[in-house]
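Got a structure for you, questions after.
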Amino acid sequence: MGGSSLQFLLTLILLLLCMKPTIANYLGLADTHLGCKEHERQAFLKIKQDLIDDYGLLSSWSTDQDCCKWSGVRCSNQTGHIIMLNLNASSIPPRHLRGKLNPSLIELKYLTYLDVSYNDFNQSQIPEIIGSLSNLRHLDLFYAKFGRNIPFQLGNLSNLQYLDLGLNNFNKPEKLEWLPQLSSLKYLGMSTVNLSKVYNWLHVVNKLPYLTSLFLYSCNLPNIFSVPLVNSSTSLDVLQLSDNNLTCSSSVLQWLFKSNTSVVELDFSSNQFQGLIPNAFSRINSLAHLYLNSNEFEGEISKAFGDLSNNQLSRRIPDSCWMHLEELVILNLANNHFHGTIPSSVGFLHEIVTLDLGNNNFSGKLPSSLKNCTKLIFFNLNQNDLSGQIPMWLGISHPNLVVLILRSNYFYGAIPTHFCYLAHLQILDVALNQISGSMPKCLNNLTTLTQKGSPNATITHYYTINSKSLFYMLYADHMFFMWKGKEHEYKNILGLLKGIDLSSNNLTGRIPREIVELVGLVSLNLSRNRLTGQITSEIDMLQSLDALDLSKNQLSGGIPSSLSHIDRLSVLDLSNNNLSGKIPTSPQLDTFNASSYEGNPNLCGAPLPKKCLGEEIGQNPAMNRSKEHAGMQDEREGFISIGFYVSVALGFIAGFWGVVGTLVLNMALRVAYFRFLNDFKDRLYVAISVNMAKVQRQLQN
């Protein structure tokens with residue numbers, strides 16, 4: 001009996017010893033500092049050698065420190081093997097690595113997570129050895145400036161669940177037969193990869209049974225005319241196929257409605273879909289984000305989402321088809337050919353945050369049911385045939401509005417003073433309407449516009465769903481402002497632009513003094529009205545102002561000299577008013593030509609040809625030739641040459657060594673200066689890259 005008890009006790013102790021790591025991990029007592037493996041440390045050091053680290057991102061990667069504690073590295077608590085390498089460089093401003101990926105990656109056999117997105121690998125090819133990292137579950141190479149061919153060896157990563165190859169500069173692939181081998185894939189991003197030769201792309205994608213997110217933005221996808229026989233991909237949450245020239249004759253819509261009725265985010269924008277929106281949209285009752293903008297859809301949107309005639313309620317409210325979309329957060333139908341009235345059932349969209357119906361042919365008045373959409377942040381009705389007075393409830397029922405665009409319609413009456421309740425408003429555009437009366441004095445209640453600096457947090461919260469969605473959105477959003485009779489496009493308005501455009505209306509009276517309290521304004525356009533009075537001398541309070549257009553009004557008095565104190569001003573138009581006196585001079589104002597001031601008969605001074613009293617006037621050509629002769633004589637006599645050349649020499653020495661010497665002696669300033677140059681280059685490259693990809697594809701086709 002005693003022997004049996006002792007044997008049982010020894011067995012129990014041995015069992016507990018074997019289970020120690022599992023129990024300790026469960027209790028949170030596991031040894032989290034096993035230390036990384038030496039061969040993995042050496043592999044990382046070789047990887048570091050091939051990377052150019054301008055920002056010290058890898059400064060912790062040193063030989064005298066445990067590599068499990070290095071920046072971007074994570075090790076397993078149980079084995080000590082490295083399981084994660086995260087070198088994502090999506091920060092603002094960008095701080096990326098340059099160079100190439102060393103083949104020593106092959107030593108990291110236990111790696112499950114690899115993210116090198118937003119870096120600069122100088123158009124080098126993705127290392128084929130990545131296909132040997134069989135434990136990888138997450139591979140993110142988005143916007144890492146890879147080039148050449150996509151290695152088919154990636155098809156060996158059978159455990160991969162996340163793959164993003166988007167926004168690189170790969171050669172045009174002809175096949176994607178390696179893709180269905182990734183049988184565990186849930187997220188696939190290949191945006192801007194030219195797939196114009198992959199004629200079976202939909203059939204390939206459809207063989208991924210667990211796929212939930214598909215991003216194929218701007219891939220030049222060919223139209224598919226046969227529905228895949230095997231319907232494996234039935235669990236899509238996100239489908240992004242924008243900017244691909246797809247048409248209604250394609251089988252994409254048929255495939256979508258047949259196999260994927262639980263989509264949450266659907267983006268078919270910037271394609272060539274025509275006709276009525278298919279009734280089958282009524283089958284997708286989970287939609288939260290719907291982008292159908294920039295197509296050729298037509299008809300009335302009251303009938304756009306299915307015939308619900310069997311619904312009892314639909315007999316009483318003909319356009320109640322919107323009820324099944326009551327969870328919709330973003331609806332973008334802009335830039336199509338829709339007509340008719342905006343249905344009152346849009347008011348059922350209680351969760352709607354973005355409603356964009358711009359550039360269509362909608363007519364009639366705004367339905368009062370829209371007051372129920374109290375969460376609206378972005379509301380655009382630009383370029384329609386809407387009429388009536390601007391309803392007061394726009395300023396009462398929508399306290400979160402950040403962007404309000406009613407431009408190019410037939411609204412009349414006064415600007416509602418209730419607009420002053422829109423404390424978060426960043427962009428107000430009611431230009432090209434028939435608005436009359438005076439400007440509200442309470443505009444200084446728009447508290448977001450009275451602040452400088454970062455954008456309104458509300459809009460940032462709703463648009464930063466993830467960094468890549470925001471990345472694409474920043475190239476899609478835009479705004480137009482009217483300057484001198486021409487529309488100028490502002491891009492990246494989300495958080496970058498704060499503006500008011502009330503141009504081309506019938507506004508009268510004075511410009512309220514309170515407008516100078518909107519110190520966050522970047523753009524102010526009050527042109528083509530009948531405004532009177534003087535330009536306030538406090539105009540220089542608008543230090544963030546980049547563009548000011550007060551042309552074609554009836555403003556009088558002088559141009560305040562304080563205008564010259566707005567250093568950022570790059571667009572100025574005061575033409576065609578009743579301004580008088582001398583145009584102020586300053587390094588800033590001197591950059592504008594005569595067109596900024598013409599049409600003011602009593603205005604004088606440069607750059608206008610009309611001289612002010614007391615200024616020297618050239619009387620005749622003979623006198624001018626005499627002055628030129630005198631100037632040449634002065635130069636010959638040394639009045640200019642000695643002082644001029646001495647000044648130039650001293651200025652060059654002081655300027656050159658003042659800058660270069662400081663950079664040589666001050667390391668911190670030198671680093672900051674070159675970081676600035678790198679950041680500027682990156683921003684310029686990002687702005688060009690998407691458009692260049694489109695141009696290259698067009699030339700290749």
Side-chain donor or acceptor of S286 paired with backbone N/O of V263 under 3.5 Å: yes

Minimum side-chain heavy-atom gap S436-Y412 below 4.5 Å: no

From CA spacing to verdict: side chain to side chain contact (heavy atoms under 4.5 Å, CB included), L188, L211: CA-CA 8 Å; L188 174 60; L211 195 66; 4.0 Å; yes

V329 side chain near H289 side chain, heavy-atom distance below 4.5 Å: yes

Which atom of L406 lies closest to which atom of L381, heavy atoms considered: CD2-CD1, 3.9 Å

Spacing of L357 atom CG and L331 atom CG [to the nearest 0.5 Å]: 6.5 Å

Minimum heavy-atom distance Q272-N295, with the two atoms named: N-OD1, 3.3 Å

From OG (S527) to NZ (K552), nearest 0.5 Å: 8.5 Å

Check: L195 and L176 side chains under 4.5 Å, non-hydrogen atoms: yes

P278 vs F257 side-chain heavy atoms within contact, under 4.5 Å: yes

Closest heavy-atom pair and its distance - L542, I515: CD2-O, 3.7 Å

Validation row: N360, I301 side chains within 4.5 angstrom (heavy atoms): no

Non-hydrogen atoms of W255 and N206 that approach each other most closely: NE1-OD1, 2.7 Å

Gap separating the CD atom of E265 from the CD atom of Q240, nearest 0.5 angstrom: 7.0 Å

Heavy-atom side-chain contact between F411 and L366 under 4.5 Å: yes

Worked check of side-chain hydrogen bond (donor to acceptor under 3.5 Å, both in side chains) between S218 and D243: CA-CA 5 Å; S218 192; D243 194 21; 3.2 Å; yes

Whether F273 and F297 hold their rings parallel, tilted or perpendicular, with breakpoints at 30° and 60°: parallel

Nearest-0.5 Å distance that lies between atom NZ in K186 and atom OG1 in T212: 7.0 Å

Short side-chain to backbone donor-acceptor contact, S596 and L572, under 3.5 Å: yes

Backbone N/O of C219 and side chain of N244: donor-acceptor pair under 3.5 Å: yes

Any donor-acceptor N/O pair, S191 side chain to L167 backbone, under 3.5 Å: no

Mutual orientation of the aromatic rings belonging to H398 and W393 [parallel < 30°, tilted 30-60°, perpendicular > 60°]: tilted

D237 side, atom CG; Y187 side, atom OH - distance, nearest 0.5 Å: 12.5 Å

Closest non-hydrogen atom pair, L526 against N553: O-ND2, 3.0 Å

Any side-chain heavy-atom pair of I352 and L376 under 4.5 Å: yes

Under 3.5 Å: donor-acceptor pair, side chain of N505, backbone of N433: yes

N271 side chain to L241 backbone, donor-acceptor under 3.5 Å: yes

For the student: nearest non-hydrogen atoms of N194 and S196, plus distance: OD1-OG, 2.8 Å

Minimum side-chain heavy-atom gap I277-F338 below 4.5 Å: yes

Backbone of F362 reached by a side-chain donor or acceptor of D385 within 3.5 Å: no

Main-chain N/O of V519 paired with S544 side-chain donor or acceptor, under 3.5 Å: yes

